[in-house]
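Data first, discussion second: the structure below is written as structure tokens.
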Amino acid sequence: MDSIKSYYNLCIEIDNLEEYIQNLEREIYAIRRLMEPGRTYISLDKLVTRFNNVENALAVLYSVLEDKKETRKKIIKNIRKLKGIDYKVVYLRDIKNMPLKKIAEKLGYSEIYIKEISARNKRII
């Protein structure tokens, strides 16, 4: 997968994971409330099993999220090392998800030149 798709998708995956984690955290809160005396309409065994399953899933998701955020930081760090036209092309391509043709138009260069710069810098990302 090229860097355009992987950085863009990485950011979407991070957003989705954060939302999913929030939903599971709300579920943990709801299960805890159901476990309070006098509030249980579901078997306590089923609640405990679900609680443990959700906690285990959260532990895995926290780890995955941390790894993805670390990868995103590394990509951004590598992009910031670039200078001039290289920085502009990679920033517009990877962070702004702009197609190379639009980048060429925006920066006033030929599309072939922008493709060369893009190809040269894919290895950096």
Side chain proximity check, Arg93 to Ile114, heavy atoms < 4.5 angstrom = no

Exceeds 12 heavy-atom contacts within 6.0 angstrom, atom OH of Tyr109 | no

Nearest-0.5 Å distance, CG of residue Asn23 to CG of residue Leu58 = 10.5 Å

Can you list every side-chain hydrogen bond (donor to acceptor under 3.5 Å, both in side chains) pair that touches residues 51-64, not counting sequence neighbours?
-> Glu25-Tyr62

4.5 Å side-chain heavy-atom contact, Arg32 and Phe51 = yes

Going through the distances and angles, do Glu111 and Lys115 end up as a salt bridge (Lys or Arg N to Asp or Glu O under 4.0 Å)?
-> CA-CA 6 Å; Glu111 188 176 354; Lys115 283 181 181 180; 3.8 Å; yes

Audit row: Leu92, Leu100, side chain to side chain contact (heavy atoms under 4.5 Å, CB included) steps and yes/no = CA-CA 9 Å; Leu92 292 171; Leu100 296 180; over 6 Å; no

If you group Ile, Leu, Val, Met, Phe, Trp and Tyr by side-chain heavy-atom gaps below 4.5 Å, do Leu44 and Ile42 land in one group?
-> yes

Would you check if Lys88 and Lys106 make a side-chain contact, meaning some heavy-atom pair closer than 4.5 Å?
-> no

In this structure, CD1 of Ile12 is separated from OH of Tyr7 (nearest 0.5 Å) by 11.5 Å

With the 4.5 Å side-chain cut-off for hydrophobic clustering, are Val90 and Ile112 part of the same group?
-> no

Identify, with sequence neighbours excluded, every residue that meets ring pair (Phe, Tyr, Trp, His ring centres under 6.0 Å) alongside Tyr20.
-> none

Side-chain heavy atoms under 4.5 angstrom apart, residues restricted to Ile, Leu, Val, Met, Phe, Trp, Tyr: same cluster for Leu17 and Val60?
-> yes

Give the intermediate values and the outcome of side chain to side chain contact (heavy atoms under 4.5 Å, CB included) for residues Tyr8 and Asp94.
-> CA-CA 7 Å; Tyr8 182 75; Asp94 294 339; over 6 Å; no

Nearest heavy-atom pair of Ile103 and Met98: which atoms, and what distance?
-> CD1-O, 3.5 Å

Parallel, tilted or perpendicular: ring planes of Tyr87 versus Tyr91, cut at 30 and 60 degrees = parallel

Distance in Å, Arg80 CZ paired with Leu82 CG, rounded so as to fall on 0.5 Å steps | 12.0 Å

Under the side chain to side chain contact (heavy atoms under 4.5 Å, CB included) criterion, do Ile85 and Ile117 qualify, and how do the steps go?
-> CA-CA 8 Å; Ile85 187 79; Ile117 293 171; 3.5 Å; yes

Measure from the side-chain N and O atoms of Thr49 to the backbone N and O of Asp45, and report whether any donor-acceptor pair falls under 3.5 Å.
-> yes

CD1 of Ile31 to CG of Leu47, rounded to nearest 0.5 Å, is 6.5 Å

Distance-only criterion, 3.5 Å: show the donor-acceptor pairs between side-chain atoms of residues 64-76 and protein atoms not counting sequence neighbours.
| unit_1 | atom_1 | unit_2 | atom_2 | d |
| --- | --- | --- | --- | --- |
| Lys68 | NZ | Glu13 | OE1 | 2.5 |
| Lys69 | NZ | Glu18 | OE2 | 3.0 |
| Thr71 | OG1 | Asp67 | O | 3.0 |

Separation between CD of Glu105 and OG of Ser110, rounded to the nearest 0.5 Å | 12.0 Å

Step through the shown structure and confirm whether more than 12 heavy atoms of other residues, nucleotides or ligands are within 6.0 Å of CD on Glu19.
-> no

Measure the CG-CG distance between Asn78 and Asn121 for me, rounded to the nearest 0.5 Å.
-> 10.5 Å

